[in-house]
Amino acid sequence: MVYHPPRIPSSEITPKGVYLNRRTFVAGAVAAGLLPSAAGASDFKVADSRNMAGDEAVTPKESVTTYNNFYEFGTGKEDPSRYSGSFNPRPWSIKIDGLVKNEMEIGLEDLLSSMPIEERIYRMRCVEAWSMVIPWDGFQLSELLKKAEPLGSAKYVAFETVVRPDEMPGQSGVFQPLPWPYVEGLRLDEAMHPLTLMAVGIYGEDLPNQNGAPIRLVVPWKYGFKGIKSITRISLVENEPPSTWNKAAPNEYGFYSNVNPNRDHPRWSQATERRIGEDKGFFSSGRRDTLMFNGYDEVAGLYSGMDLINTYF
Ligand code: MTE
């Protein structure tokens, strides 16, 4: 696989050890009542940085953290940033079970200290025809799955979001927009692909609640809804697992959901997209062409021989 050189010179990347020590210090100071809460600190160290969005500008943090889809906190784009303040992502653990040699329940702190955290700048294309460029901090899902040692019979990976109606107003209201928990899935080879990331941060800081704290999936060649947030369970399974949007509207959202400008959504075109936070100027349409696999052509081999328009969309 060809990696583009980092867009940001590594000399400009803040050593995350500084954040780490700062957090420990700040936590003590907060406990002692000397400081307000420690916004902006992170619990991980970033070892490496890879820009995989070419020369496209990173989307402003303000947009990435206020224009969200996270139905557990409401269906409006600003609901997640407004109504996720009571969500408590710590302590946290993820259970890995099913067809594995080593079933495990791993705490977030252990994960953060044992995984090589790197920055990856990826395009994110939502199925609603908008997109962003986001600097994620995370580790390859393959590294975590290797710890669990999938059995030969494991063919798919199923993911589950936490259910906490007390902290997630979208799960407790009279109107329930989706069945809970939010679930997603990948084929095992998709999950093991080096581009598939478990993100724990953005812009070098802990993931904000609205972006899926404390840990979420990022699959940059698929529509954004595959990127399930606030994951609490990962199961290795034999058969294709259910996915929330496919259950909600099977004729609109397939299991694969690879970004594909040639397969329109039944209600809108997928040929172009609107880049959030970008001013394209008065004479421009403000839209850019959507690329097959969101521009991540290196995954094409995963789908050779499959009909990605009619059958395996
Ligand atoms: N995960 C859960 N648990 N609940 C959700 O509603 N929305 C999905 C995905 N993950 C969603 C979710 C959709 S539709 C998108 S486009 C992305 O999260 C949005 O991620 P962002 O808000 O960090 O940009």
Side-chain angles (χ1 to χ4, degrees), residues 53 58-84 87 89 92 94 120-138 158-165 167-171 173 175-186 196-203 205-234 241-249 252-254 257-259 265 268 270 273-277 290 294:
V58 168
T59 302
K61 183 172 153 188
E62 169 73 10
S63 302
V64 175
T65 57
T66 58
Y67 189 91
N68 299 100
N69 279 328
F70 200 166
Y71 278 27
E72 284 85 339
F73 297 107
T75 56
K77 292 286 182 277
E78 294 186 355
D79 289 346
S81 53
R82 280 188 189 150
Y83 304 127
S84 62
F87 182 68
W92 194 270
I94 295 190
R120 298 269 185 102
I121 303 177
Y122 284 156
R123 287 175 219 101
M124 185 181 79
R125 170 61 158 82
C126 179
V127 76
E128 297 164 335
W130 52 264
S131 61
M132 297 181 179
V133 174
I134 303 179
W136 302 102
D137 304 284
F159 304 85
E160 215 174 283
T161 294
V162 76
V163 179
R164 290 191 191 167
E167 298 178 21
M168 298 173 134
Q171 291 183 332
F175 167 68
Q176 297 284 306
L178 291 172
W180 314 114
Y182 193 99
V183 290
E184 258 303 338
L186 293 173
T196 303
L197 208 67
M198 292 293 277
V200 296
I202 48 173
Y203 303 91
E205 298 167 4
D206 288 344
L207 266 187
N209 287 348
Q210 60 269 33
N211 294 90
I215 185 164
R216 57 95 57 87
L217 181 69
V218 177
V219 195
W221 72 93
K222 292 180 180 280
Y223 290 119
F225 69 83
K226 297 292 289 183
I228 179 173
K229 296 175 167 180
S230 306
I231 296 170
T232 175
R233 184 175 175 199
I234 299 177
S243 51
T244 290
W245 282 101
N246 176 255
K247 280 195 289 186
E252 300 192 359
Y253 309 103
S257 292
N258 293 312
V259 174
H265 187 279
W268 59 83
Q270 295 290 25
E273 64 200 56
R274 179 170 60 98
R275 181 61 53 85
I276 301 293
T290 289
N294 207 18

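Just so you know, ligand 1 is whichever comes first in the structure, and atom 1 is the first atom listed for that ligand. Throughout, residue positions are numbered sequentially from 1 according to the sequence presented.
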Among all protein heavy atoms in this structure, tell me which lies nearest to [atom], with the distance rounded to 0.1 Å.
atom                    : answer
atom 7 (N) of ligand 1  : Asn69 O, 3.2 Å
atom 17 (C) of ligand 1 : Gly224 O, 3.5 Å
atom 6 (O) of ligand 1  : Tyr71 N, 2.8 Å
atom 1 (N) of ligand 1  : Lys229 N, 3.2 Å

Is any N or O atom of [X], backbone or side chain, closer than 3.5 Å to an N or O atom of ligand 1?
X      : value
Tyr67  : no
Gly227 : yes
Trp245 : no

Compare Tyr182, Trp180, Tyr253, Phe70 and give the one whose heavy atom is closest to atom 8 (C) of ligand 1. Tyr182
For Thr161 and Val183, run side chain to side chain contact (heavy atoms under 4.5 Å, CB included): C-alpha distance rounded to whole Å, both residues' side-chain angles, the deciding distance at 0.1 Å, then the answer. CA-CA 6 Å; Thr161 294; Val183 290; over 6 Å; no
Which ligand 1 atoms, with their elements, are less than 4.0 angstrom from a heavy-atom of Cys126? 16 (S)
Enumerate the atoms of ligand 1 whose separation from the nearest heavy atom of Thr161 is less than 4.0 angstrom. 3 (N)
Taking a cutoff of less than 4.0 Å between a non-hydrogen atom of the residue and any ligand atom, is Met124 in contact with ligand 1? yes
Does the pair Glu205/Lys61 count as a salt bridge with the N-to-O cut at 4.0 Å? yes
Is it the case that Asn69 and Glu128 place a side-chain donor and acceptor less than 3.5 Å from each other? yes
Would you say the side-chain atoms of Asp206 pair up with the backbone N or O of Val200, donor to acceptor, closer than 3.5 Å? no
Derivation and outcome, side chain to side chain donor-acceptor pair (under 3.5 Å), residues Asn246 and Glu252: CA-CA 7 Å; Asn246 176 255; Glu252 300 192 359; over 6 Å; no
Are the ring centres of Tyr71 and Trp245 closer than 6.0 Å? yes
Mind checking whether Tyr182 and Phe70 have ring centres under 6.0 Å apart? no
For Glu72, which part has a heavy atom under 4.0 Å from ligand 1: side chain, backbone, both, or neither? side chain
Please classify the Arg216 to ligand 1 contact at 4.0 Å (heavy-atom distances, strictly less than): side chain, backbone, both or neither. side chain
Kindly assign one of parallel, tilted or perpendicular to the pair Tyr253 and His265, based on the angle between their ring planes and the thresholds 30° and 60°. tilted
Where do Thr290 and Arg125 land on the side chain to side chain donor-acceptor pair (under 3.5 Å) test, with the steps shown first? CA-CA 8 Å; Thr290 289; Arg125 170 61 158 82; 3.1 Å; yes
